[in-house]
> 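Attaching a single structure in structure tokens format; questions to follow.
Only a predicted model underlies this, so the values are computations on that prediction, with no experimental measurement involved. Whatever order the structure lists them in is the order used to number ligands and atoms, beginning at 1. Position 1 is the first residue of the sequence, and the numbers go up from there. Only heavy atoms go into these numbers, but all of them, side chains included; no hydrogens, no water, no symmetry mates.
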Amino acid sequence: MSYVDQVYDWVVEKNPYEKEFHQAVKEVLESLTPAIDRHPEFIKQKLLERLVEPERIIIFRVPWMDDSGEIHVNKGYRVQFNSAIGPYKGGIRFHPSVYLGIIKFLGFEQIFKNSLTGLPMGGGKGGSDFDPKGKSDNEVMRFCQIFMQELFRHIGQFTDVPAGDIGVGGREIGYMYGQYRKIRNNFTGVLTGKGIEWGGSLVRPEATGYGSTYFAKEMLKVRNHDIKGKVVTISGSGNVAQYTAEKVIELGGKVVTLSDSNGFIYDPNGITAEKLDYVMELKNVRRGRIKEYAEKYNVDYYPDKRPWEIKCDVAFPSATQNEINKHDAKTLVDNGCIAVCEGANMPSTPDAIEIFLENNIAFGPGKASNAGGVATSGLEMSQNSLRLSWTREEVDKRLHEIMVNIHQTAFQTAAKYGSSGNYVVGANIAGFLKVARAMLAQGLL
Ligand code: NDP
Ligand code: 2IT
């Protein structure tokens with residue numbers, strides 16, 4: 001049995017039930033084989049065994065009181081996965097599906113993603129099985145405060161810097177930051193995604209979606225295509241989906257779908273900037289359902305479905321993990337899709353990825369294509385350290401450069417290791433090698 005297979009089996013045996021974590025580990029390890037072949041020292045040093053075990057896991061109780069006075073108890077998590085190249089960095093997810101296996105998969109992905117950005121950030125992730133949906137602002141505030149009442153002792157600007165993810169946006173970061181500042185009595189860049197008046201960076205809210213679009217543009221350029229004039233399907237209607245739509249529209253693409261966990265809307269005439277303003281108000285202020293778009297603009301709504309049956313040139317899965325299965329992938333290919341760019345983390349199942357690669361689809365894996373969010377978080381950290389704020393143009397220029405570099409690195413690394421055009425192999429190997437070298441240089445820790 002090969003070294004990577006042995007490590008994978010060991011991960012499954014030692015971490016039963018964490019199926020998303022197994023999936024993420026398998027995808028990375030399988031593509032590392034050519035790199036491991038060139039570095040036998042990694043085997044001797046048990047480097048992969050060390051890489052798949054988080055440096056530290058914190059699990060804690062979060063009791064909170066709802067508006068009617070009833071007490072609820074949720075679980076809080078922070079997985080501090082790898083700090084070989086910088087402080088742990090990664091978002092916090094509030095969603096009822098959260099358990100250790102999800103946070104570990106996300107933290108593991110984050111190691112390689114952060115490495116690819118070229119910025120000094122290690123990998124981590126946190127969250128809770130708390131469901132912000134249907135909760136009042138006061139309930140969300142109290143939850144965030146109690147969550148931070150424990151998390152504060154484990155994080156810091158040089159230790160671990162959380163940010164947003166599903167269910168955690170500007171509102172939640174605000175409540176958590178306020179509590180951190182109050183408890184610690186200091187004002188530091190301990191979270192990213194902060195409001196612009198209190199240490200945040202311009203373009204951070206837009207960064208993941210803009211970055212994903214910049215990445216897609218680079219993939220298309222290699223094939224002599226452009227976003228302009230392309231029909232685009234997007235899943236999700238949260239932070240990543242909204243700003244992917246904004247940038248695609250700005251670049252002349254036609255966005256025809258958005259979704260949420262209840263279904264998707266299909267607007268064959270294209271979502272315009274004005275309609276997108278409506279979506280942003282609907283989702284970010286009123287916190288309503290995407291179905292309302294269909295009612296307002298008189299378009300079709302498909303309950304309990306994902307948008308992959310709609311014919312498109314480019315697809316941006318931007319909602320959640322495993323939202324494109326084998327059947328969806330086949331449908332996309334059969335309908336003439338030429339590129340799939342992952343805004344979400346691990347939205348495509350392994351057999352869906354196989355279909356994309358077999359059919360020569362330009363496939364951007366999340367850890368490369370959605371790295372613009374964390375990269376701009378890195379830029380927020382830099383600005384906090386400098387005690388300066390860069391202009392919108394400055395941040396966007398740096399974000400764009402980083403995405404172009406990630407694309408180039410993944411593309412060139414894939415070619416170097418015998419898998420031309422395979423961004424999965426390129427991104428995994430490039431992200432891995434930097435972390436592996438740093439781990440070896442720093443000794444057995
Ligand atoms: P949001 O909470 O802002 O939006 C999430 C969207 O996805 C909502 O429309 C939500 O619908 C939908 N969704 C969530 N869970 C499910 C589900 N189980 N089934 C169907 N739809 C679902 O999150 P983000 O936009 O920030 O995150 C989206 C994805 O992008 C995630 O995979 C995240 O990890 C990834 N990502 C986020 C980054 C960021 O900076 N925010 C950076 C890099 C990656 P509903 O409202 O009905 O739940
Ligand atoms: O998955 C991700 O990269 C994020 N949720 C953003 C992490 C961050 O620290 O900005």
Side-chain angles (χ1 to χ4, degrees), residues 20 86-98 102-103 105-114 116-117 119 121-127 131-134 155 160-173 189-194 200-201 203-212 215 234-245 258-265 279-280 282-284 287-291 304-307 316-324 342-348 366-381:
E20 295 83 1
Y88 310 107
K89 180 86 195 85
I92 292 178
R93 175 177 294 192
F94 290 166
H95 194 271
S97 63
V98 163
I102 297 252
I103 302 298
F105 119 63
L106 291 163
F108 187 69
E109 290 279 294
Q110 204 81 45
I111 302 170
F112 310 99
K113 185 196 301 193
N114 294 3
L116 279 171
T117 66
L119 300 173
M121 300 182 290
K125 200 85 184 192
D131 185 359
K133 231 178 264 152
I155 61 176
D160 183 356
V161 183
D165 195 81
I166 291 178
V168 176
R171 173 182 64 167
E172 291 74 17
I173 293 291
V190 68
L191 296 174
T192 58
K194 300 185 292 299
S201 173
V203 192
R204 176 61 188 91
E206 297 90 337
T208 311
Y210 280 18
S212 180
F215 193 88
I234 300 178
S235 65
S237 49
N239 174 271
V240 179
Q242 289 171 17
Y243 289 104
T244 301
L258 285 173
S259 73
D260 59 25
S261 53
N262 295 110
F264 79 90
I265 57 106
V279 173
M280 290 189 182
L282 169 70
K283 286 289 168 184
N284 310 344
R287 298 182 191 274
R289 310 310 300 159
I290 201 67
K291 183 172 190 262
D304 302 320
K305 286 199 150 188
R306 292 174 169 146
F316 286 90
S318 306
T320 193
Q321 63 276 356
N322 293 327
E323 55 169 320
I324 298 189
E342 295 188 331
N345 286 306
M346 209 167 75
S348 313
K367 63 171 78 64
S369 49
N370 72 35
V374 74
T376 308
S377 280
L379 301 178
E380 182 171 330
M381 290 165 72

> Is any N or O atom of G164, backbone or side chain, closer than 3.5 Å to an N or O atom of ligand 2?
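Yes; at least one N/O pair falls below 3.5 Å.
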> Considering non-hydrogen atoms of the protein only, which is the closest contact for atom 7 (C) of ligand 2, and what is the distance?
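That would be G91 N, 3.5 Å.
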> Apply the test side-chain contact (heavy atoms from CB on, under 4.5 Å) to residues K133 and S261: give CA-CA distance (whole Å), side-chain angles for both, the deciding distance (0.1 Å), then the verdict.
CA-CA 11 Å; K133 231 178 264 152; S261 53; 3.5 Å; yes
> Under 4.0 Å from any heavy atom of K125, which atoms of ligand 2 are there?
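Ligand 2 atoms under the 4.0 Å threshold to K125: 1 (O), 2 (C), 4 (C), 5 (N).
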> Of the listed options (M121, K89, R93, R204), which comes nearest to atom 6 (C) of ligand 2 when hydrogens are ignored and any heavy atom counts?
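Of the listed residues, R204 has the closest heavy atom.
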> Would you mind running through ligand 1 and noting each atom that sits below 4.0 Å from a heavy atom of S237?
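Once the distances to S237 are compared, the set is 9 (O).
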> Which residue holds the protein heavy atom closest to atom 3 (O) of ligand 2, what is that atom called, and what is the gap in Å?
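Among all protein heavy atoms, the one nearest atom 3 (O) of ligand 2 is K113 NZ, 2.8 Å.
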> Could a heavy atom of S259 be found less than 4.0 Å from some atom of ligand 1?
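Under 4.0 Å: yes for S259.
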> Decide side-chain contact (heavy atoms from CB on, under 4.5 Å) for F215 and E342; before the verdict, give the C-alpha distance in whole Å, the side-chain angles of both, and the deciding distance to 0.1 Å.
CA-CA 10 Å; F215 193 88; E342 295 188 331; over 6 Å; no
> Quick one: pull up CG in L116 and CE in M121 and give me the separation to the nearest 0.5 Å.
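It comes to 10.5 Å.
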> Quick one: are V374 and K113 in side-chain contact, heavy atoms under 4.5 Å?
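Yes; the side chains approach each other to less than 4.5 Å.
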> Tell me if a side-chain donor or acceptor on N370 pairs with a main-chain N or O of A344 at a distance below 3.5 Å.
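Flag set: sc N370 to bb A344 pair under 3.5 Å.
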> Taking S237 for the side chain and S259 for the main chain, is one N or O donor matched with an acceptor at less than 3.5 Å?
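Side chain of S237 to backbone of S259: a pair is present.
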> Any N or O on N370 sitting closer than 3.5 Å to an N or O of ligand 2?
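No; every N/O pair is 3.5 Å or more apart.
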> Report, in ascending order of atom number, the atoms of ligand 1 lying under 4.0 Å from any heavy atom of S318.
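In order of numbering, the contacting atoms are 28 (C), 29 (C).
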> Take V168 and I173 through the test side-chain contact (heavy atoms from CB on, under 4.5 Å) and record every step on the way to the result.
CA-CA 7 Å; V168 176; I173 293 291; 3.9 Å; yes
> Which residue and atom name correspond to the protein heavy atom nearest atom 2 (O) of ligand 1, and how close is it?
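Of the protein heavy atoms, G167 N, 2.9 Å lies nearest.
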> Using every non-hydrogen atom in the two residues, find where T208 and G373 come nearest and quote the distance to one decimal.
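Here T208 and G373 meet closest at OG1-CA, 3.1 Å.
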> Can a protein heavy atom be found under 4.0 Å away from atom 37 (C) of ligand 1?
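Within 4.0 Å of atom 37 (C) of ligand 1, protein heavy atoms are found.
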> When you look for heavy atoms under 4.0 Å from ligand 2, do you find them on the side chain of N345, its backbone, both, or neither?
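For N345, only side-chain atoms sit under 4.0 Å from ligand 2.
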> Looking only at non-hydrogen atoms, which of G366, A375, A319 approaches atom 28 (C) of ligand 1 most closely?
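Checking each option, the heavy atom nearest atom 28 (C) of ligand 1 is found in A319.
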> Is the shortest side-chain heavy-atom distance between M280 and Y243 below 4.5 Å?
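Yes, their side chains come closer than 4.5 Å.
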> Drop me the distance from E323's CD to R306's CZ, to the nearest 0.5 angstrom.
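Going from CD on E323 over to CZ on R306, the span is 6.0 Å.
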> Using a 4.0 Å heavy-atom threshold (strictly under), name the region of E109 that reaches ligand 2: side chain, backbone, both or neither.
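Neither; no heavy atom under 4.0 Å.
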> Numbering the atoms of ligand 1 from 1, which are under 4.0 Å from a heavy atom of A344?
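Once the distances to A344 are compared, the set is 29 (C), 30 (O), 32 (O), 35 (C).
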> Using a 4.5 Å cut-off on heavy atoms from C-beta on, say whether the side chain of R287 contacts that of P132.
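They are not in contact (no side-chain heavy atoms under 4.5 Å apart), so the answer is no.
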> Among protein heavy atoms, which sits nearest to atom 23 (O) of ligand 1, and what does the distance come to when rounded to 0.1 Å?
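Result: I166 CA, 3.4 Å.
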> In this structure, which one of I102, T320, L106 forms a side-chain contact (heavy atoms from CB on, under 4.5 Å) with N345?
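Result: among I102, T320, L106, L106 is the only option passing the side-chain contact (heavy atoms from CB on, under 4.5 Å) with N345.
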> Is the closest side-chain heavy-atom distance between S377 and V161 below 4.5 Å?
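The answer is no, as the side chains (C-beta and beyond) never meet within the 4.5 Å cut-off.
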> I'd like to check whether N345 has a polar contact with ligand 1, where a contact means an N/O of the residue lying under 3.5 Å from an N/O of the ligand.
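Checking ligand 1 against N345, an N or O pair does fall under 3.5 Å apart.
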> Return the CD1 to CG distance between I290 and L282, rounded to the nearest 0.5 Å.
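CG of L282 is found 6.0 Å from CD1 of I290.
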> Quick test: of every protein heavy atom, which one is nearest to atom 24 (P) of ligand 1, and how far off is it to 0.1 Å?
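I find the closest protein heavy atom is V240 CG2, 3.9 Å.
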> Out of all atoms in ligand 1, which are within 4.0 Å of some heavy atom of G343? Include the element for each.
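What qualifies from ligand 1 is 30 (O), 35 (C), 36 (N), 44 (C).
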> Taking only heavy atoms of R93 into account, list the atoms of ligand 1 that are under 4.0 Å away from them.
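Answer, ordered by atom number: 31 (C), 32 (O), 33 (C), 34 (O).
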> Hey, does S261 come in under 3.5 Å of ligand 1, counting only N/O atoms on both sides?
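For ligand 1, there is an N or O atom that lies under 3.5 Å from one belonging to S261.
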> Given Q242, K133, E172, H95, which one has a non-hydrogen atom that is nearest to atom 48 (O) of ligand 1?
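It is K133 whose heavy atom sits nearest to atom 48 (O) of ligand 1.
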> For the side chain of S97 and the backbone of H95, is there at least one donor-acceptor N/O pair under 3.5 Å apart?
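No; judged by distance alone, with no hydrogens or angles, the pair does not exist.
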> Just by modelled atom types, is the K194 backbone N or O under 3.5 Å from a matching donor or acceptor in the E380 side chain?
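Yes.
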> Would you please determine whether G169 falls within less than 4.0 Å of ligand 1 on a heavy-atom basis?
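Distance cut 4.0 Å: G169 fails for ligand 1.
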> At a 4.0 Å threshold, what atoms of ligand 1 neighbour a non-hydrogen atom of G236?
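Checking each atom against G236, I get 9 (O).
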> Answer with yes or no whether R289 contacts ligand 1, where contact means a heavy atom under 4.0 Å from a ligand atom.
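Judged by the 4.0 Å heavy-atom criterion, R289 does count as contacting ligand 1.
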> At what distance, to the nearest 0.5 angstrom, does CG of D160 lie from CG of L191?
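Here the interatomic distance stands at 9.5 Å.
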> For atom 18 (N) of ligand 1, what is the closest protein heavy atom, and at what distance to 0.1 Å?
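It is T320 CG2, 3.7 Å.
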> Taking only heavy atoms of R204, which atoms of ligand 1 are found under 4.0 Å from at least one of them?
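Heavy-atom distances to R204 below 4.0 Å select 40 (O).
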> Minimum distance, heavy atoms only, to atom 8 (C) of ligand 1: which one of G288, G193, G238 is it?
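The option holding the nearest heavy atom is G238.
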> Which of the atoms in ligand 2, numbered in the order shown and given with their element, are less than 4.0 Å from a heavy-atom of A163?
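Near A163, the atoms of ligand 2 are 8 (C), 9 (O), 10 (O).
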> For atom 33 (C) of ligand 1, what's the nearest protein heavy-atom neighbour? Residue, atom name and distance, please.
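Protein heavy atom at minimum distance: D165 OD1, 3.3 Å.
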> Identify which of G193, A207, S377, G343 has a heavy atom lying nearest to atom 10 (O) of ligand 2.
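Nearest option to atom 10 (O) of ligand 2, by heavy atoms: S377.
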> I'd like the name of whichever of N239, T192, T376, T208 reaches closest to atom 26 (O) of ligand 1 through any heavy atom.
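It is N239 that holds the nearest heavy atom.
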> Are the side chains of K283 and D260 in touch, meaning some heavy atoms are under 4.5 Å apart?
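Side chain of K283 against side chain of D260, heavy atoms only: contact under 4.5 Å found.
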